[in-house]
Each structure stands twice: as structure tokens, then as C-alpha cells.
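As C-alpha cells, the structure follows; a few thoughts come after it.
For this chain, numbers begin at 1 and follow the sequence in order. Nothing here was measured: the structure is a model prediction, and the numbers come from that model. Values reported hereafter were calculated over all heavy atoms of this structure, with side chains retained and with hydrogens, waters and symmetry mates removed.
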Amino acid sequence: MKRLWLSAVILATGMTGVAEAADGVPGVDVSNWTGDVDWESVSLGGGKFAFVQATEGGDYRNPRFETQFGGAAEAGLFRGAYHFAQPHESDGTTQADYFLQNGGDWIGDGQTLPGVLDVEDNPYKDKNGKNSCYGLSTKDMVGWIKDFTVRYRRATGRHVIIYTTASWWRTCTGDSAAFTSNPLWLARWGSEPGALPKSWKRHTFWQSAEKGALAGGQNAFNGSESQLKALANPPAEVMVSGEARSRTSYRVVVTNTGPHPVKDIKVSGRAFGGQRVVEAPACKFSGTAVSCRIEELPRAKKVLFVFTTKPRKAKGTVGMKVTVGSVKLTLKAR
């Protein structure tokens, strides 16, 4: 399988190898407890982004969410929604769905950041009688987080951001390294981020104080403002896979694995090894060459192409070379 990024901007989502700003890009996080926010003051004070609590568990929705989320956008801030996890109440898929249905769904407006899964120390121990890990084993907690992140990825095409502390992650997931694709929002109050959880080599966001000078919590994006913009508006992504099922049958699958619909995808192929193309549904073909076009591929959808060839010889290596954008596949059979 190979991936094609349909944009010149390809660095933001993973934040790998990106130069850091000295102090980062400042931002805030707010919830119902923050109350009414003067978003113009946040913007004038240098704030560039805001995370707004949307949901908690499977039955709480921030009553101020629309006002806070919309207000941040009107002030020109990048904004994202977050879900405060209650892993003992229901499974990860169920809580991801609740989040998606109540403000957490990502939209490609160039201003919305990926959603956030907030997993941290259980603050309701006296009420629910659970320990810091909500009564889950490290294996079950990793499974719960996987269910949430997979569901969010399938629904939006984005990797959900994970907010956590290094100590909680170590204690409650066994320092799992299974979430390297998810940007990290590190919670550590102080002057330095300190050690990171095992899954990450760098943080994308850092919450350095519970209360900041602007509003709510004090945060910084670990990069430049242009990189923050790219995180809100990522490139389209197409995955291309193929196989030679026999000497005469070849399959190519083009899947939209990114967050945006993709238009006008061209697929071209050429048979080699002394054979010609004799069948290619929905495509044009002549001799050894085949040409196909996908007018529009919606997010999370795929298109299958099947090419049938007729070799001149019964033995020897044959195959097809297929090109989709910058992706090149060589499918061989004997």
C-alpha cells in the first residue's frame, strides 16, 4: 500500500521534523466552568487557538459550547472541541459517537482543529468509587482508547488529539506506544514540558497552567502559526494498493483515507511481459495500456479497478505497472 498526499503541505498532521517556535503559539482551553469568554480580548492578547469542552462521558454536554465555540471562531481563532473521557461508564466507540454527535465532528473550514480525547486522572473517585484509572486494567484502557480513536478517525478522516499527563499515561496504559499517529496535547503545569509519554517523541500542544492570563487554561502550540493553520486544514490523502491475482487478473484499489473529498484522480497502467489488456471495466484500454479516471472520491470511500490481460506465453514473469498521481505500483505474476 502506498499513500498519495494531494497537497504541497504535508508536515502538519504528524508534526515530525518540524522546527519549533521558541515559545510556541499561545492558546486557551475553556469549559462551562470558565463562563462567558471575551474572545476579542483573547485575540488581542495574542491567543491564536482555543479548545472548548463539548462533552463528558455519555450524557453530559457543555451548555455553553455553541457560544464558546462560535465565539472563538468569530474572533478569528482556530478552535477545536474536546471530550472528557469516563472510561468506566461506556465503551470508547460509544463515547466517540456521543462526542461526534454533540460538537466533536470535524469540518474542513480551515479553522477547525481535530477533536481531542481528554484522558486523565479520575476526578470523581469519591463519587464513583473507582481508582485513578477508572477501574480499568492497562490492557483494557489501551483497548478503550483504541476504540475511541479508531471511531473518530473513521468518522472524520482525522487523528484525534490525545490530552493526558505523562504520569497518568504510564500508570493507566502501561506507557503504551500504540498511539504515535495521534497528536499529543501534554498537560504538565510548570516552566518545562518535561518527559513525554512513550507513544510520542514530541508534543503538539502543551498545557502549562490551569489558569492563564487570557482565559481558561494556558496552552501553547509547539510550532509556528502557519503549521497550526496546516493542522486545521490538512492535505487530502489517497491510499493506493494493488495485487496480481494471477497471470491474467490484476486489482487496484484507490481509497480516500483523508478528511476531504478528492476530485479528478487519474489511474494509468501498462502491461508488460508480452501481454495485452483485454478487459478493464469503466476504463479505456488499447494494446498494453489502460487509462481510468475517478471524477470524485468522497471521504472514506474506495474504488476497485480490475484489469484482465492475455499473455502471449504460458510461462515467464508478467505484470502491470500502475500509476496514480505520484504513486507507482509494479504488480508481478509468474
Side-chain angles (χ1 to χ4, degrees), residues 3 5 7-29 46-51 77-83 85 106 112-121 138 141-142 145-146 148-150 152-153 156-210 212 216-235 237 257-259:
R3 292 182 187 272
W5 295 85
S7 171
V9 183
I10 64 174
L11 295 177
T13 51
M15 296 307 297
T16 301
V18 179
E20 297 181 21
D23 299 315
V25 179
V28 302
D29 66 275
K48 300 297 182 181
F49 68 89
F51 285 115
L77 276 64
F78 296 101
R79 70 318 176 40
Y82 75 88
H83 174 78
W106 183 80
T112 303
L113 296 167
V116 179
L117 171 61
D118 180 342
V119 280
E120 56 178 284
D121 188 65
T138 56
M141 184 63 76
V142 169
I145 297 171
K146 280 184 178 179
F148 189 105
T149 58
V150 167
Y152 190 86
R153 170 71 170 171
T156 65
R158 304 302 311 271
H159 289 292
V160 72
I161 299 167
I162 294 179
Y163 169 99
T164 195
T165 67
S167 60
W168 185 91
W169 193 261
R170 182 172 55 253
T171 300
C172 297
T173 74
D175 221 6
S176 171
F179 300 92
T180 55
S181 296
N182 298 93
L184 171 66
W185 180 7
L186 179 69
R188 185 177 188 272
W189 301 341
S191 58
E192 297 291 338
L196 302 182
K198 190 175 181 180
S199 261
W200 298 276
K201 293 183 179 180
R202 59 174 289 137
H203 65 277
T204 301
F205 294 93
W206 170 34
Q207 185 190 62
S208 58
E210 182 181 16
Q218 179 171 292
N219 297 271
F221 171 73
N222 188 13
S224 67
E225 191 171 342
S226 63
Q227 290 163 348
L228 178 64
K229 181 179 180 180
L231 182 60
N233 187 32
E237 179 186 356
T257 53

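Residues P235 and P259 approach most closely at O-CD, 3.8 Å, considering heavy atoms. The minimum heavy-atom distance linking S224 with V25 is given by the pair C-CG2, 3.7 Å. The minimum heavy-atom distance linking Y152 with R158 is given by the pair CD2-O, 3.6 Å. For the residue pair G174 and T138, the shortest heavy atom distance occurs at N-CG2, 3.6 Å. Nearest approach of G46 to P26, heavy atoms of both residues: O-CG, 3.1 Å. Here the closest heavy-atom approach between residue I145 and residue T173 is recorded as CD1-CG2, 4.0 Å.
For the atom pair E120 CD and T165 OG1, the distance stands at 7.5 Å (nearest 0.5 Å). Between D175 atom CG and S167 atom OG the span is 10.5 Å, to the nearest 0.5 Å. Taking CZ of F221 as the reference point, atom CZ of F49 lies at 8.5 Å (rounded to 0.5 Å). For the atom pair T164 OG1 and L184 CG, the distance stands at 8.0 Å (nearest 0.5 Å). A distance of 9.5 Å separates CD1 in I162 from CZ in F148, rounded to the nearest 0.5 Å. Between the CD atom in E210 and the CG atom in D29 there is a gap of 9.5 Å [rounded to 0.5 Å].
Counting only heavy atoms from C-beta outward, the side chains of K146 and F179 approach each other to under 4.5 Å. Looking at D118 and W185, their side chains never come closer than 4.5 Å, going by heavy atoms from C-beta outward. Residues P197 and L186 meet the side-chain proximity criterion, which asks for heavy atoms closer than 4.5 Å. I161 is not listed as a side-chain neighbour of T204, based on a closest heavy-atom distance of 4.5 Å or more. Between H159 and P183, some side-chain heavy-atom pair lies under the 4.5 Å cut-off. Contact annotation: the side chain of L113 approaches that of L228 to within less than 4.5 Å [non-hydrogen atoms, C-beta and beyond].
In terms of modelled atom types and a separation under 3.5 Å, the side chain of W169 and the main chain of K198 share no donor-acceptor contact. No donor-acceptor pair under 3.5 Å is formed between the side chain of T112 and the backbone N or O of W106. S199 contributes a side-chain N or O that, together with a main-chain N or O of S176, makes up a donor-acceptor pair within less than 3.5 Å.
Remark: N182 engages no residue in a side-chain hydrogen bond (donor to acceptor under 3.5 Å, both in side chains) (not counting sequence neighbours). Checked against salt bridge (charged side-chain N to carboxylate O under 4.0 Å, His left out), R188 has no partners two or more places apart in sequence or in another chain.
The aromatic ring centres of F51 and F205 sit less than 6.0 Å apart.
Side-chain contact, S208 with Q218: a donor N or O sits under 3.5 Å from an acceptor N or O.
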**Asked** Does the side-chain contact (heavy atoms from CB on, under 4.5 Å) test come out yes or no for N222 and W206, once each step is laid out?
**Response** CA-CA 7 Å; N222 188 13; W206 170 34; over 6 Å; no

